[in-house]
Amino acid sequence: AEDCFNQALKRAPDYRPACANRALLRLGRGGFGPGWRDYLLRPSMEGNPDNVSREPIAADLGGRHLLVLNDQGLGDEVFFLRFVPELVRRGATITYRTDPRLAAMFDRLPFLDRVISQTDTPEPSGQADARVSVGDLPFLLGMDQAAQIPPPLVLEPLAGTDARMAERLDAAGPPPYVGLTWRSGIQQLNRRSKIVPVDGIAEALRGMPATLIALQRGPENGEIASLASRVGREVHDFSAINDDLEDMLALVGRLDDYVGVSNTNIHLMIARERTCRVLVPNPAEYRWMTEGDFSPWFPGSRVYRETPDDGWRLAFEALRVDVAAAHAGTPPNDGG
């Protein structure tokens, strides 16, 4: 695939789709230097809609004010914000523009001096010394090897929300609590889809001594009931919590385990300093890398991969073994 992208770019050096897809390929294989350079041409930045700077960031930012702009989805914001503390370490003050659904949550981060919503009136011209995209930061900061990956962002929940989510879980049944997601929230024609067979998850978790919590955004009619029938126990429908990210941040921090595809909830759980079991379709999203049981971006979170030859068979076999070992000795419960 990389050879094909290279040939295409020799013929048409400005052909952005080939460069953007080569970026994902290179990043997934650990080619971070050239990968982040190619990533500058991702579709969301075509035409540089926010007029951001693409110049490498200086080692000394003392006295400089940077406006860091969100880019792409909610999970991408949580993922890339890990690079912002390095700007602060270099002396910058930071205003961060975010999706309004994350504004209050990010406003609690100590390294951000100000948080504005993308629906707010834009900052007056000249107020910031430079504007940069959060998705450009790995390139602008010169990240070219796995050892330079910053630790994931840490987010704290609201105290009242945390207590309320604890009560909801307690009402559902006894611990351990295991969150489940089998499909990413948005599916697009001719785009990579993150979908996992529900029956495979059910078979891997059958007999697990846990209270199962469905966190699937937009479940289809009867889908959760069908999962419960296959797994042989009740699956509690908490899907509506996807509409309030503060509630979700509190909830996932209370879970003992999470089995699902990569989505915003996974990023939030990792931001609560928890680990997950992530089901990664083939081809893999770059941040989960193209091979291995773990990703350097998310230490401790186990990856289960669909493969071209075996589909999900080996992934679900490994998931069943790992879940059984992790929860061995836990008293059985009836799921509430």
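Computed from a prediction, not measured in an experiment: that's the story for all the values here.
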Would you say the side chain of [Y] lies within less than 4.5 Å of the side chain of [X], judging by non-hydrogen atoms?
| X | Y | value |
| --- | --- | --- |
| V78 | F106 | yes |
| D293 | V303 | no |
| F298 | V278 | no |
| L140 | W36 | no |
| R22 | L9 | yes |
| F294 | M289 | no |
| F316 | L279 | yes |
| R26 | F32 | no |

Taking every non-hydrogen atom, the tightest pair across [X] and [Y]:
| X | Y | answer |
| --- | --- | --- |
| L215 | Y258 | CD1-CE1, 3.5 Å |
| D310 | L314 | OD2-CD1, 3.5 Å |
| R272 | L249 | NH1-O, 2.9 Å |
| A202 | L227 | CB-CD1, 3.8 Å |
| S262 | I266 | CA-CG1, 4.1 Å |

Quick one: pull up [atom1] in [X] and [atom2] in [Y] and give me the separation to the nearest 0.5 Å.
| X | Y | atom1 | atom2 | answer |
| --- | --- | --- | --- | --- |
| K194 | T181 | NZ | OG1 | 11.0 Å |
| L169 | F238 | CG | CZ | 5.0 Å |
| M269 | L255 | CE | CG | 5.0 Å |
| D144 | R37 | CG | CZ | 10.5 Å |
| D76 | H267 | CG | NE2 | 6.5 Å |
| L74 | T264 | CG | OG1 | 4.5 Å |

Determine whether a donor-acceptor pair (N or O, by modelled atom type, separation under 3.5 Å) exists between the side chain of [X] and the backbone of [Y].
| X | Y | value |
| --- | --- | --- |
| D107 | A103 | no |
| R277 | L319 | no |
| N48 | V52 | yes |
| S301 | C276 | yes |
| R217 | N242 | yes |
| E306 | N282 | yes |
| E2 | L25 | no |
| H236 | A214 | no |
| R54 | L40 | yes |
| R305 | E291 | yes |

Test side-chain hydrogen bond (donor to acceptor under 3.5 Å, both in side chains) applied to D237 and S239, step by step: CA-CA 6 Å; D237 184 1; S239 58; 2.6 Å; yes
Worked verdict on D247 versus R168 for salt bridge (charged side-chain N to carboxylate O under 4.0 Å, His left out): CA-CA 11 Å; D247 282 355; R168 283 202 60 179; over 6 Å; no
Stepwise side chain to side chain contact (heavy atoms under 4.5 Å, CB included) test for L66 and L61: CA-CA 9 Å; L66 300 185; L61 296 173; 4.1 Å; yes
side-chain hydrogen bond (donor to acceptor under 3.5 Å, both in side chains) assessment of S44 paired with D71: CA-CA 7 Å; S44 64; D71 175 27; 2.7 Å; yes
Linking I/L/V/M/F/W/Y whenever any side-chain heavy atoms sit under 4.5 Å apart, do [X] and [Y] land together?
| X | Y | answer |
| --- | --- | --- |
| L158 | L153 | no |
| F5 | L24 | no |
| L137 | L41 | no |

side-chain hydrogen bond (donor to acceptor under 3.5 Å, both in side chains) assessment of Y304 paired with D322: CA-CA 11 Å; Y304 303 86; D322 288 351; 2.8 Å; yes
Could you tell me whether [X] atom [atom1] has more than 12 heavy atoms of other residues or ligands within 6.0 Å of it?
| X | atom1 | answer |
| --- | --- | --- |
| R108 | CZ | yes |
| N221 | CG | no |
| Q145 | CD | yes |

Ring geometry between W297 and F79 (parallel below 30°, tilted from 30 to 60°, perpendicular above 60°):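 Rings of F79 and W297: tilted, 30 to 60°.
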Any carboxylate oxygen within less than 4.0 angstrom of a Lys/Arg side-chain nitrogen, looking at [X] and [Y]?
| X | Y | answer |
| --- | --- | --- |
| R274 | D257 | no |
| R254 | D170 | no |
| E317 | R320 | no |

Worked check of salt bridge (charged side-chain N to carboxylate O under 4.0 Å, His left out) between D244 and R101: CA-CA 8 Å; D244 189 321; R101 291 170 289 180; over 6 Å; no
Check against salt bridge (charged side-chain N to carboxylate O under 4.0 Å, His left out), D60 and R90: CA-CA 5 Å; D60 183 4; R90 297 186 185 191; over 6 Å; no
Audit row: T98, Q118, side-chain hydrogen bond (donor to acceptor under 3.5 Å, both in side chains) steps and yes/no: CA-CA 6 Å; T98 182; Q118 63 189 25; over 6 Å; no
Distance-only polar pair, side chains of R42 and S133, donor-acceptor under 3.5 Å: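 Checked: R42/S133 side chains pair up, N/O donor to acceptor below 3.5 Å.
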